[in-house]
Amino acid sequence: MRGHYTRTSLVPRFALALLASMFAASGCAPRHQAPPAEANPVEAGWTHYRLGEFDSAVRAFDRALAAKPPADPQHLLALYGLATTWNLRTPLGDQDKTRARHYYEDIVTRAPQSDLAAWSMLALARLQHVVPVGEEPDYEAVRAAYDAVIDRFPEHLAGQEAFIYRQATLIQTLQTGPTSQAVTALHAFIDRHPKSGFLSGAYSLLASGYETLHEPEHQLEAELKALDSMEFDPTNPKFENSGAYWKIATIAEFEAGDFATARRFYRRLMDEYPQDIRVFAAEEALRRMDGVEARLRREMAGGGA
């Protein structure tokens with residue numbers, strides 16, 4: 001599967017966007033020339049967080065927490081900043097998941113219908129889902145946590161993301177029953193949210209589900225739609241489609257028997273990524289399909305005689 005399920009950077013970006021909108025609404029945009037120590041402490045905290053200065057981020061968020069009363073929006077933003085920093089800071093040994101969980105739960109209690117509550121509930125579900133290597137999540141509890149986000153915030157981006165993660169837990173079982181359930185739910189999600197930013201992820205999950213269900217034509221169709229609906233990120237220097245092209249081409253050739261689609265994507269790989277290590281294999285695939293079709297034509301001509 002392509003990487004659609006890990007969006008740990010989405011939540012900090014959300015907080016930064018919310019902070020920026022607060023400055024704009026108040027008519028006092030932050031002065032970018034000011035060093036973090038002189039800036040609004042919440043803004044300074046996120047600046048330190050982005051730079052990987054996690055201890056400084058914690059100190060800045062703590063200052064904001066002490067400076068603002070609990071009813072102030074920036075108090076909640078500071079709580080969220082502390083939760084995110086303790087949750088996602090590196091190295092892993094410096095993380096404090098218990099402290100992060102406390103801050104997330106505090107936000108949900110104080111402002112249960114807020115955007116920050118939606119993202120905090122999603123983060124709490126992720127804390128149950130993403131466990132250390134060698135441990136196994138309690139998937140029933142994980143799905144219940146995702147359901148709580150979906151039920152409270154069904155149209156919110158956090159609710160949609162929780163939905164995608166929940167279906168992934170069913171598909172990864174590789175069992176027909178749970179996979180069929182997820183496939184049905186994903187189709188309903190796509191029908192309800194045709195413009196969702198998670199559309200590509202939903203189609204990619206569908207493709208994985210149809211692979212388990214041994215339905216290669218539907219798998220290929222879902223992979224094509226996943227590619228078509230993928231959002232291009234110009235800020236990501238690693239963004240490229242060679243892996244998607246190769247995957248679609250091989251499914252089309254070997255699973256679905258759709259040589260026209262296979263040829264199209266082998267050629268796209270060759271044209272757009274001429275230095276890719278798979279270019280030679282793509283050339284071999286084109287020759288192989290030509291040979292298969294030539295043999296079939298000879299067999300059909302011989303049979304007709």
Side-chain angles (χ1 to χ4, degrees), residues 1-11 13-14 87-88 104 108 115 117-131 133 135-231 233 241 243-244 247-248 251 255-256:
M1 290 182 214
R2 289 188 289 279
H4 297 97
Y5 319 130
T6 55
R7 285 190 166 205
T8 54
S9 62
L10 176 65
V11 181
R13 286 203 302 272
F14 155 75
N87 184 19
L88 302 177
Y104 287 132
V108 175
D115 282 341
W119 293 114
S120 296
M121 288 180 67
L122 177 61
L124 287 167
R126 295 296 290 159
L127 281 169
Q128 293 188 67
H129 192 178
V130 181
V131 297
V133 176
E135 296 184 17
E136 182 77 6
D138 179 346
Y139 281 107
E140 289 302 316
V142 168
R143 292 181 190 118
Y146 286 138
D147 284 339
V149 187
I150 298 164
D151 292 344
R152 186 179 297 189
F153 301 100
E155 301 304 320
H156 194 284
L157 281 177
Q160 293 184 30
E161 188 167 355
F163 174 87
I164 295 296
Y165 282 125
R166 190 193 194 285
Q167 307 319 311
T169 68
L170 296 174
I171 287 175
Q172 73 182 32
T173 65
L174 302 179
Q175 297 174 5
T176 300
T179 298
S180 296
Q181 177 186 337
V183 164
T184 299
L186 286 163
H187 276 297
F189 174 86
I190 290 166
D191 289 341
R192 290 196 311 271
H193 305 95
K195 303 294 185 182
S196 172
F198 297 99
L199 199 60
S200 181
Y203 278 123
S204 189
L205 274 176
L206 270 178
S208 296
Y210 281 126
E211 182 179 11
T212 296
L213 298 176
H214 306 293
E215 299 184 29
E217 291 81 7
H218 287 139
Q219 179 188 0
L220 177 59
E221 179 184 11
E223 288 287 358
L224 289 167
K225 289 181 177 178
L227 179 63
D228 288 343
S229 57
M230 185 180 295
E231 294 182 347
D233 182 1
N241 284 323
K247 184 175 184 180
I248 289 171
I251 292 171
E255 303 296 332

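As the structure is a prediction and not an experimental result, all values here were calculated from the model.
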Check: Taking atom CG of Leu224 and atom CD1 of Ile251, what is their separation to the nearest 0.5 Å?
Finding: 8.5 Å
Next item on the list: Check ring-ring contact (aromatic ring centres under 6.0 Å, His included) between His193 and all other residues, then give those that pass, not counting sequence neighbours.
Entry: Phe189
Next item on the list: State which residues pass salt bridge (Lys or Arg N to Asp or Glu O under 4.0 Å) with Glu221; sequence neighbours excluded, sorted by chain then number.
Entry: Lys225
Item checked: Residues in side-chain hydrogen bond (donor to acceptor under 3.5 Å, both in side chains) contact with Arg152, at least two apart in sequence or another chain -> none
Next item on the list: Please identify each residue that fulfils side-chain contact (heavy atoms from CB on, under 4.5 Å) with Ala141, with sequence neighbours left out.
Entry: Gln128, Asp138
Next item on the list: Could you pull out all residues at least two apart from Thr169 that satisfy side-chain hydrogen bond (donor to acceptor under 3.5 Å, both in side chains)?
Entry: Arg143
Note to self: My understanding is that only residues two or more places apart in sequence, or in another chain, count here; which of them pass side-chain hydrogen bond (donor to acceptor under 3.5 Å, both in side chains) with Asn241?
What the structure shows: none
Item checked: Residues that Glu136 engages under side-chain contact (heavy atoms from CB on, under 4.5 Å), provided they are two or more places apart -> Tyr139
Checklist line | Flag side-chain contact, heavy atom, 4.5 Å: Leu186 against Ile164 | finding: yes
Next item on the list: Go through the structure and list residues passing side-chain hydrogen bond (donor to acceptor under 3.5 Å, both in side chains) with Glu215, not counting sequence neighbours.
Entry: His218
Next item on the list: Can you run down the side chain to side chain donor-acceptor pair (under 3.5 Å) pairs that involve residues 175-189, sequence neighbours left out, and say none if there aren't any?
Entry: His187-Tyr210
Next item on the list: Not counting sequence neighbours, which residues clear side-chain contact (heavy atoms from CB on, under 4.5 Å) with Glu217? List them please.
Entry: none
Item checked: Selection residues 166-191 - residue pairs positive for salt bridge (Lys or Arg N to Asp or Glu O under 4.0 Å), sequence neighbours left out -> Asp147-Arg166
Margin query: Tell me every residue that passes side-chain contact (heavy atoms from CB on, under 4.5 Å) with Val131, counting only those two or more places apart in sequence or in another chain.
Written below: Glu135, Pro137
Check: Would you say Trp119 and Glu161 make side-chain contact, with heavy atoms under 4.5 Å?
Finding: yes
Check: Going through the distances and angles, do Asn87 and Tyr104 end up as a side-chain contact (heavy atoms from CB on, under 4.5 Å)?
Finding: CA-CA 10 Å; Asn87 184 19; Tyr104 287 132; 3.3 Å; yes
Next item on the list: Taking the side chain as every heavy atom from C-beta outward, state whether Phe198 and Leu157 have any pair of such atoms under 4.5 Å apart.
Entry: yes
